[in-house]
Amino acid sequence: MLVHVPDHFSSHLKFDLKKLPATVVDRSSPFKAFAGFAFGLLLLGLGIFELFSFLNAEGTVETSLLTVEFFAFITILIGLGLIAGSVLSFSRYKRICFDGKDFTITYAPSFGVRHRITEPLDNYTGVRLRVLFIQTGLFNRNRYIIDLYHRDSDKIIPLYISTNNKNIRRIWENYARMFKLPALSVGDRGLVQREYTDLDKSLQDLAANGKLPFIASGKFPAPETLNIEEKKDKTIIRPVGVYWDIFSSLFLFIAISAIFVLLTGSVYLTIRGTAVPLKYWATGAILLFVVVYYLLRLFRSYQLEIYADKVLVAETQFGKTQKQDCVPAEKIENIELSYNPTIDRYSLAVISDDKIITFGGRLPVNDLLWLKDFVIRKLIGN
């Protein structure tokens, strides 16, 4: 067995298997590596320039070490780190070859000896679809990954990787049909398996054929976190209470603290009779905008609506619908829980070939399990 190799390095990859033998190289983005290298060089040059300018300047004895030299050294270290990280991330890769029966995986690490293994296609258990949630500062994004699943993580074969979910399920299903292997997805109870012959069937078709997994009878009352409103033509489900993202709370706290510091500085400058610089007011205005934005999120809510012919998720602000997204009932292929490691929570996912809509990202997992069975029973008429 190899030293553990990450499942993938790329953010964009497509293993084209139309013509055999086929080869794909999985490595970090050349653009990101070049951008990181160039920015590292810029910081390195800036740090060196500032350091030498300080050392050669007159009156350096009276200048504080912490005001120039310290920040010059920090800039140089950050630049060197970016350069080294960019080079090392791009120099490692996996080359994967497929001849129709066997996969040959060559792993070239940044340091050390290359490793090569060969694994028959028959040893793979299915084609897996999973989503990695990547947090980058204020923003997060999804990385959609389709791979040939193997119990040995070193032998997992990346087939398709993208940050765009367009047609992702169709691509996943096409790979499953190509290899004639079950389609695997990550659900609340581990890997969920679906035979490739059933991939085009809706949830209602699977129920009619008796192929749905166990569904709770529905005798348990609704959880206290959910408000269920039954109407003549639809069922409306709303979370009870305010569910606010931890990142929103953190950024709001930072923004309010920064505004308080700016106000304190402005008062101090005013007392001294010094005009407050324009950049103070500009920074304060930007931070105030951030505060208002995240405060408004307190009044944003979501509701799930189940009709006879569709399921939709609506976003409301002060009781008015801002936007909504729906999936026709005959196109819904699965209802499952989707895990978000960024906030370590699950949400309910309504899945079709065309799109995936989610709901209840702040609800406890046991309440989502109840909701999952409730929605399935509504769709299949139980």
Side-chain angles (χ1 to χ4, degrees), residues 126-134 140-146 160 162-173 176 182-194 198-207 211-216 223 225-226 235-239 243 245 301-307 310-315 323-380:
V127 178
R128 179 178 61 171
L129 171 63
R130 59 198 176 103
V131 182
L132 290 182
F133 295 82
I134 310 299
N140 56 30
R141 61 173 182 166
N142 303 336
R143 184 176 294 171
Y144 301 89
I145 303 171
I146 300 171
Y160 185 87
S162 178
T163 55
N164 186 349
N165 68 347
K166 183 178 180 181
N167 297 325
I168 190 67
R169 286 186 64 85
R170 288 178 179 168
I171 297 170
W172 170 50
E173 293 172 356
L184 308 175
S185 58
V186 182
D188 53 283
R189 297 182 178 93
L191 285 178
V192 179
Q193 177 174 313
R194 189 163 182 168
D198 293 332
L199 291 176
D200 287 330
K201 296 179 181 177
S202 68
L203 202 66
Q204 295 171 336
D205 293 334
L206 292 175
K211 292 187 176 182
L212 278 184
F214 170 77
I215 304 173
T225 58
L226 292 173
T235 301
I236 302 176
I237 304 167
R238 301 184 183 90
Y243 297 91
D245 191 284
S301 61
Y302 298 86
Q303 63 187 38
L304 182 70
E305 300 179 13
I306 307 172
Y307 296 80
K310 64 181 178 181
V311 173
L312 67 84
V313 174
E315 176 185 323
K323 63 179 180 179
Q324 60 185 28
D325 205 355
C326 74
V327 180
E330 70 272 9
K331 292 187 177 182
I332 296 175
E333 295 187 356
N334 203 3
I335 306 286
E336 63 185 37
L337 300 195
S338 175
Y339 179 64
N340 184 341
T342 301
I343 56 175
D344 191 28
R345 287 184 179 273
Y346 285 90
S347 59
L348 183 75
V350 181
I351 301 168
S352 72
D353 273 344
D354 299 324
K355 64 174 68 175
I356 300 174
I357 60 176
T358 59
F359 174 79
R362 305 291 175 265
L363 294 173
V365 64
N366 288 333
D367 296 354
L368 286 170
L369 288 172
W370 182 93
L371 179 60
K372 168 187 170 181
D373 293 335
F374 179 82
V375 175
I376 292 175
R377 289 197 314 273
K378 283 287 184 180
L379 289 172
I380 65 178

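Remember, it's a predicted structure, so these values are computed and weren't measured experimentally.
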Can you tell me how far [atom2] of [Y] sits from [atom1] of [X], rounded to the nearest 0.5 angstrom?
X	Y	atom1	atom2	result
Leu304	Lys378	CG	NZ	11.5 Å
Asp325	Ile357	CG	CD1	5.5 Å
Ile356	Asn334	CD1	CG	9.5 Å
Ile145	Ser162	CD1	OG	10.5 Å
Lys310	Lys331	NZ	NZ	13.5 Å
Phe359	Leu368	CZ	CG	8.5 Å

Item checked: Ile335 and Val311: CA distance, side-chain angles, deciding distance, side chain to side chain contact (heavy atoms under 4.5 Å, CB included) verdict -> CA-CA 11 Å; Ile335 306 286; Val311 173; 6.0 Å; no

For residues [X] and [Y], report the shortest heavy-atom separation together with the two atoms involved.
X	Y	value
Ala176	Val127	CA-CG2, 3.8 Å
Val350	Ile332	CG1-CD1, 3.7 Å
Leu184	Gly126	CD1-CA, 3.8 Å
Leu312	Cys326	CB-CB, 3.3 Å
Tyr302	Pro239	O-CD, 3.1 Å

Note to self: Test side chain to side chain contact (heavy atoms under 4.5 Å, CB included) on Leu226 and Phe374; report intermediate values, then the result.
What the structure shows: CA-CA 12 Å; Leu226 292 173; Phe374 179 82; over 6 Å; no

Check: Of all residues at least two apart in sequence or in a different chain, which pass the side-chain hydrogen bond (donor to acceptor under 3.5 Å, both in side chains) check with Asn366?
Finding: none

Note to self: My understanding is that only residues two or more places apart in sequence, or in another chain, count here; which of them pass side-chain hydrogen bond (donor to acceptor under 3.5 Å, both in side chains) with Tyr144?
What the structure shows: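 Partners of Tyr144 under the side-chain hydrogen bond (donor to acceptor under 3.5 Å, both in side chains) test: Asn142.
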
Next item on the list: Could you check Ile168 against Ile146 for side chain to side chain contact (heavy atoms under 4.5 Å, CB included), going step by step and ending with a plain yes or no?
Entry: CA-CA 9 Å; Ile168 190 67; Ile146 300 171; 3.9 Å; yes

Next item on the list: Show your reasoning for whether side chain to side chain contact (heavy atoms under 4.5 Å, CB included) applies to Leu337 and Leu369.
Entry: CA-CA 8 Å; Leu337 300 195; Leu369 288 172; 3.7 Å; yes

Item checked: For Ala329, side chain to side chain contact (heavy atoms under 4.5 Å, CB included) partners two or more places apart -> Gln204, Leu379

